[in-house]
Number of protein chains: 2
Amino acid sequence: MVQKSKPPAAAVEPKRRGRPRAYEPDVALGKALDLFRTQGFAATSLDDLSEATGMNRPSLYGAFGDKRELYIKSYQRYREEARASMVEIFREEMPVRQRLERIFASALNIYLSGETGPRGCFTVVTAASEAVGDPDIRAMVLDGLNELDKAFASCFRRAKEKGELPESADPAVLAQLASATVHSIAIRSRARVSRRELEAIVKGAIDLMVAAKS
Amino acid sequence: MVQKSKPPAAAVEPKRRGRPRAYEPDVALGKALDLFRTQGFAATSLDDLSEATGMNRPSLYGAFGDKRELYIKSYQRYREEARASMVEIFREEMPVRQRLERIFASALNIYLSGETGPRGCFTVVTAASEAVGDPDIRAMVLDGLNELDKAFASCFRRAKEKGELPESADPAVLAQLASATVHSIAIRSRARVSRRELEAIVKGAIDLMVAAKS
DNA sequence: CGATTTTTGTACCATCTCGCAAATTAATCC
DNA sequence: GGATTAATTTGCGAGATGGTACAAAAATCG
């Protein structure tokens, strides 16, 4: 039940009034995210979350709201992290192939991470569970899917403008294929398909996409 | 709690001894499958299953074992049905494009079916939940993924032999791309992406695959 | 008919689940 | 130091959950 004994000392620390928090919200949210990603919403109990975060239930509730809200906040956090790594890759100028390689490598690293084994993509996990029954969560998932599509589309559009792809190439179609490859490795990673095999799939897909004649 | 009042009269009915069953195991398993597909393992309670199947809990237990066994049997049933529709499509001779169209159309029909909304692919749903923690279930999922890969690979191999694809086309790579497209529409369907959009994705993917130069 | 066999229905148990209320602790403000 | 503020700890309660024991019911067999 102890996360860290020292005070957070985050930023300027504007001298908060009452008893200081025994946890760092960011760290706790990260732990919750880990759990939700591996086990899913329904299979994760508040006790699990309490143990993982080092916060007991009332604190958890006070900081993040009920289980569903915590799940949503975890998902938003996941998306922020994913987005950050994407922005990174899109900042520099580089050949399409290289950019694609870096995007897929980043995705693989995220999907294969985890102490107890690969955990895949949280968007996919959520789509496969809560998204059917919860409109709000479904909307977030849909947004996540769209964001990936758009990122890939912009990648292919830039490549086309630079003449790296033939005029006949359709960025939107290629983007959906790239997204599909991401979804596929996300799923396969949870079935413990080896990194080597996943990388082979990625390579095959990239070869096909950058040689696209359609 | 009533499923059917008449006796099953299945096959020859070898004069069973005790009290006759009030349910048809096949029908009940189908109902259980429906529930598990939409809600997942953890979010589906025995009460839900009991209500849906029309069997009370002890009968459910007697017929299928505990919840996990029922889930496994449901998944096997799902795979049998999916396999049957595939065999159907592979029996006749036809152009690659047409065969691909039929495979994807079949998948879409399965994924978009459901009274309360689309339910996607049970293999994907299972991969995204139970597969991480349960080795037996994970093995079944892996088998399901492989089966789809192999089916597509054989499809492309046949096409290549018939000269429908260039010599440079790699059936294994194309197959994994086709599988990826299936995984992608399975996920998107659960986020309520419209059939029209899903069909557009499928069309784009097919165009690219049958024109493959890689 | 009575014995046997198999399934059903009722009821229950031990455990877990989520959420919250009340009391406690630790800091700042005056 | 006392008041105030905010977080922690304890513990509870209503309900759900997975699983099972046991008796009643409905069929066949002899």
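Computed from a predicted model, the values in this text were never measured in an experiment. Below, all heavy atoms of this structure are taken into account, side chains as well, without hydrogens, waters or symmetry copies. Chain identifiers are assigned alphabetically (A, B, ...) following the order of the sequence lines, protein sequences preceding nucleic acid strands; residue numbering begins at 1 within each chain.
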From CZ of B:F64 across to C1' of D:dG18 the rounded distance in Å is 17 Å
- request: For the pair B:D48 (side chain) and B:S45 (backbone), establish whether a donor and an acceptor sit closer than 3.5 Å, ignoring hydrogens and angles.
  value: yes
To the nearest angstrom, the CG-P distance between A:L60 and C:dG19 comes to 10 Å
Test salt bridge (Lys or Arg N to Asp or Glu O under 4.0 Å), reference A:E199, set A:K203, A:R196, A:R195, output is A:R195
In whole angstroms, the gap separating C1' of C:dG9 from OH of B:Y23 amounts to 14 Å
Among C:dT8, D:dG18, C:dC18, the one nearest any side-chain atom of A:L46 is C:dC18
For this session: Tell me whether the OP1 or OP2 atom of C:dG9 has a side-chain N or O from B:N56 closer than 4.0 Å.
Result: yes
Here the distance between atom C1' of C:dT17 and atom CG of A:D66, to the nearest Å, is 13 Å
All N/O contacts under 3.5 Å from nucleotides 22-26 of chain D to the protein, with atom names and distances to one decimal?
residue, atom, partner, partner atom, Å
D:dA25, O4', B:R19, NH1, 3.4
D:dA25, N3, B:R19, NH1, 3.3

query: Checking A:R99 against A:F90: charged group under 6.0 Å from the ring centre and within 45 degrees of the axis?
result: yes
Separation of C:dT15 atom P from B:K67 atom NZ, nearest Å, is 19 Å
Name every donor-acceptor pair, under 3.5 Å, that has one atom in a side chain of residues 124-132 of chain B and the other anywhere in the protein, sequence neighbours excluded.
residue, atom, partner, partner atom, Å
B:T126, OG1, B:Y71, OH, 2.9
B:T126, OG1, B:F122, O, 2.8
B:S129, OG, B:V125, O, 2.8

To the nearest angstrom, the CZ-P distance between A:R21 and C:dT25 comes to 21 Å
Contacts under 3.5 angstrom, residues 171-185 of chain A side chains, donor-acceptor by atom type, not counting sequence neighbours:
residue, atom, partner, partner atom, Å
A:S179, OG, A:D149, OD1, 2.5
A:S179, OG, A:A175, O, 3.3
A:T181, OG1, A:L177, O, 3.0
A:H183, ND1, A:S179, O, 3.4
A:H183, ND1, B:S184, OG, 2.9
A:S184, OG, A:R188, NE, 3.1
A:S184, OG, B:H183, ND1, 2.9

query: Has A:Y61 got a side-chain N or O lying under 4.0 Å from the OP1 or OP2 atom of C:dC20?
result: yes
query = Below 4.0 angstrom, N of the basic side chain to O of the carboxylate: do B:E88 and B:R102 qualify?
reply = no
>> Need one value for A:S59: base, sugar-phosphate or nothing, where a base atom within 4.0 Å counts as base even if backbone is also close, heavy atoms only.
In response: base
- Taking it one step at a time, do B:L198 and B:F104 satisfy side-chain contact (heavy atoms from CB on, under 4.5 Å)? CA-CA 10 Å; B:L198 297 177; B:F104 281 110; over 6 Å; no
DNA chain D nearest-nucleotide lookup for A:R57 and B:D47: closer to the 5′ end is A:R57
